[in-house]
Every structure is written in C-alpha cells, then in structure tokens.
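As structure tokens, the structure follows; a few thoughts come after it.
Proteins get letters first, then strands, A, B, ... in listed order; numbering begins at 1 in each.
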Amino acid sequence: MPELPEVQTVVTELKNFFLKKNSLSKIDILNQSSIVLTKDIPLNSFLKKNISSISRQGKYIIISLENNLYIIIHLRMTGHLFLNQKEEFKKHTRVVFYLKDEKTVIFHDTRKFGKVYFSNSLDFLKNKIGIDPFDSSFKQDAFIEKIHKSKQSIKSILLSQKIVCGLGNIYVDEVLWQSKIHPLEQGYNISNEQIIALYNAIKTVLSEGIKNKGCSLGKGISNFMNTQGEFGKHQLSLNIYGKEKMPCPICKNKIQKTKVNQRSTYFCSKCQSEKIPSSFLE
DNA sequence: CCATATGTTACTCG
DNA sequence: ACGAGTAACATATG
C-alpha cells in the first residue's frame, strides 16, 4: 500500500542493487493480468538491454533501459519488489525478473491490483499525473495558482495525483494536519498562506517518511515491506492517521474520523478549521 | 457474515 | 466539462 516514501525506499534499494551495469536475461509472467504490454513490442525486446537508470515519479517506479525502453511499475495496494528472496514469498509472486548476474527481482502482489508496464515511452505518465514534489519544477507560486483553480476538496485534489503526485491516504491526512487545513476545504477557498504551509508540509512530511524507510501499519504480507522483506518505521511517527479519539498532539482535542472519497479520514476539528458549506455564505 | 485495507479507474447523474 | 458519488478490481485480516 505504498505511497511516495515507500516507493522511494524501494527505488533507493533497487538503485544500490543494480549499481553495476546490468540487464535482464529472462522474465517470467506468472499472472497475465499483472502486466501491460505495448502494442507491437514483444516482451523479449526488453531482454539483454542495459539498465540505464532507475527513478520514480509519484508512486510509479521507472526502470529505463537502453533504446528508449521502459519498465514502469505501480505497486498499488499490496505490490512488493523483493530482491533475491525466494521461497518464503512464493504464493503471490506475479512476475520474476532474472538478471544477467543471477540476481532476481520478484514482483509480489496479493491483491493483483499492481501493474508492470512494458513500454517504449514515458508519455502516458506525463499525461496522467502531476509534478513530483521532489522535482525542481515543483514551485510554490504555480502550486497556489492550481489549487485556487479547483472547486474540489483539498483531500480529493491531493489524492487525485493531478496537481502534485505521490501522496496517498495516510500522508494526505498527515500533511493536512501539519498545515492546519480541513480535508474538505475547497481549493479556491484556501488562503495563500495556508497553501504555502501545505507546500512545505508536503516536503517535510514525505522526507520524514523516506528517512523512516516507509510506513508499515498492520502486519502480514499485505503490509508494506522493503526489498528485503523488512517493515518501515514511519508508523511510529504518525500524528493523526489512525488515531481516532486520541488527543491531538498539539491541542489535545479528540481526533475525529470521517470518510472523504470513500477513504477513512482523520483530522483535528480544532486545529483544522471547520469547512463552512458554501450555502451558508450567501 | 460483516467491515476494513497505504490505489486507481470507469461509470452514472446533475 | 466538472464534480460528487458509487462500484469495481482481488485477497487477507479482525
């Protein structure tokens, strides 16, 4: 169930793992619905091509090969990439990548929502999602302008990935609490000062998640794990998510739980000013 | 059996 | 076109 910090944790480990020049020698597809092929490009054209870089945009992992070929992976809710882990995670293994030097990368996904895209272009990412918060093109002024153009609730905006990408249900709640914005506040109704606070909170909260090597709530195989099968530590640093009825760390008010976009949403009604329905503003 | 789950997308209706 | 709301995908856990 990875968001940006969990995906970054995996990407960092993949980079270290692939450090030397490497290429794929074989790809086993154990579940056809876990992959998406590009028309007219056979799977075996991805073999024996040097891996040139491993990067990330939002929650998408991008493995770039020579000749402008790309393997793009989205882990969705329960996807994992395991390095050189064999037997213990066998049950839900969907794709196995065999590397030239005998190493293996396993794409493991209990719920089968995740996808491995084999593509010759990154265009579909560009059209689909907004700016990554750690990209140098993520600028305060443009962010304010885009938020102000939207009538949607701020939580919907952030979950949509369209303006800024990488935030999911946990980090959105953390970021909104940090910047004292109610999750249902509409974009055009948020002050410049609050959007600046939000902009800064996005960077600091996500950076902390990365430092903690991701967030692993709950337990079991569906929970987030790094490429070695280890849990992250960021669950210990959460302030608001999953803390219904517990005191807000700042004002001690009881944290409330509601639903926004069908997703559990936690907030402090004192710190995060109540949304005033527009019908009351006539 | 019921509800819930760190994600996304397709569909409807207004 | 936009936004809200709903269901769907598939599986595990409490």
5′-ward residue of the pair A:Y60/A:M1 relative to DNA chain B: A:M1

Touch class at under 4.0 angstrom, heavy-atom based, for A:N261 against every strand present: nothing

Plane angle bin for A:F124 and A:Y117 - parallel if under 30°, tilted between 30 and 60°, otherwise perpendicular: tilted

ring centroid sep under 5.5 Å plus plane angle under 30, A:F113 with C:dC9: yes

C:dC2 OP1/OP2 closer than 4.0 Å to side-chain N/O of A:K149: no

Atom pair distance, as rounded to whole Å: CD1 in A:I221 and P in C:dA10: 20 Å

OP1 or OP2 of C:dC9 under 4.0 Å from side-chain N/O of A:K115: no

Worked verdict on A:F97 versus A:F107 for ring-ring contact (aromatic ring centres under 6.0 Å, His included): CA-CA 8 Å; A:F97 299 93; A:F107 176 65; 7.9 Å; no

Protein-nucleotide distance (A:H74, atom NE2; B:dT8, atom P), rounded to Å: 4 Å

Sugar-phosphate only, base, or nothing, as touched by A:Q262 at under 4.0 Å among non-hydrogen atoms: base

Phosphate contact (C:dC2 OP1 or OP2) by A:Q152 side-chain N/O below 4.0 Å: no

Sugar-phosphate only, base, or nothing, as touched by A:G168 at under 4.0 Å among non-hydrogen atoms: sugar-phosphate

Any A:H92 side-chain N or O less than 4.0 Å from OP1/OP2 of C:dA10: no

Pairing pattern in dot-bracket form [Watson-Crick, G-U; both distances under 3.5 Å; | = partner strand] for DNA chain C: .||||||||.||||

Distance-only donor-acceptor test, A:R111 side-chain atoms vs B:dA5 base atoms, 3.5 Å: yes

A:K59 side chain near B:dT8 phosphate (N/O to OP1/OP2, under 4.0 Å): yes

Sugar-phosphate only, base, or nothing, as touched by A:K259 at under 4.0 Å among non-hydrogen atoms: sugar-phosphate

Electrostatic pair A:K139:A:D141 at N-O distance under 4.0 angstrom: no

Distance, C1' atom - from C:dG5 to B:dT6, rounded to whole angstrom: 22 Å

Interatomic distance at P, B:dA3 relative to C:dT6, whole Å: 15 Å

5'-most by nearest nucleotide on DNA chain C - A:S156 or A:S222: A:S156

Euclidean distance, atom CD of residue A:E244 to atom C1' of B:dA3 [Å, nearest integer]: 14 Å

N/O donor-acceptor pair under 3.5 Å between A:N226 side chain and A:Q228 backbone: yes

Backbone of A:K100 reached by a side-chain donor or acceptor of A:E102 within 3.5 Å: no

Between B:dT6 (P) and A:Q161 (CD): distance, integer Å: 14 Å

Nearest listed nucleotide, side chain of A:K91, among C:dG3, C:dA12, B:dT6: C:dA12

d(CZ, A:F224; P, C:dT13) in whole Å: 18 Å

No-hydrogen, no-angle side-chain donor-acceptor test under 3.5 Å, A:K155 and A:T265: yes

For atom CZ of A:F124 and atom P of B:dT9, their distance in whole Å: 9 Å

Options B:dT6, B:dA5, C:dG3, nucleotide nearest the side-chain atoms of A:S150: C:dG3

A:H108 and its side chain to side chain contact (heavy atoms under 4.5 Å, CB included) partner, picked from A:V96, A:L30, A:V95, A:T93: A:T93

N or O in side chain of A:R263 less than 4.0 angstrom from B:dT6 OP1/OP2: yes

Short side-chain N/O contact to C:dT11 OP1/OP2 from A:K112, under 4.0 Å: yes

Any A:T78 side-chain nitrogen or oxygen under 4.0 Å from OP1 or OP2 of C:dA12: no

A:Y241 side chain near B:dT6 phosphate (N/O to OP1/OP2, under 4.0 Å): yes

Between P of C:dT11 and CG of A:N31, the distance in whole Å: 8 Å

Protein-nucleotide distance (A:I157, atom CD1; B:dT8, atom P), rounded to Å: 16 Å

Side-chain ion pair, A:K115 and A:D109, N-O less than 4.0 Å: no

Plane angle bin for A:F138 and A:F143 - parallel if under 30°, tilted between 30 and 60°, otherwise perpendicular: perpendicular

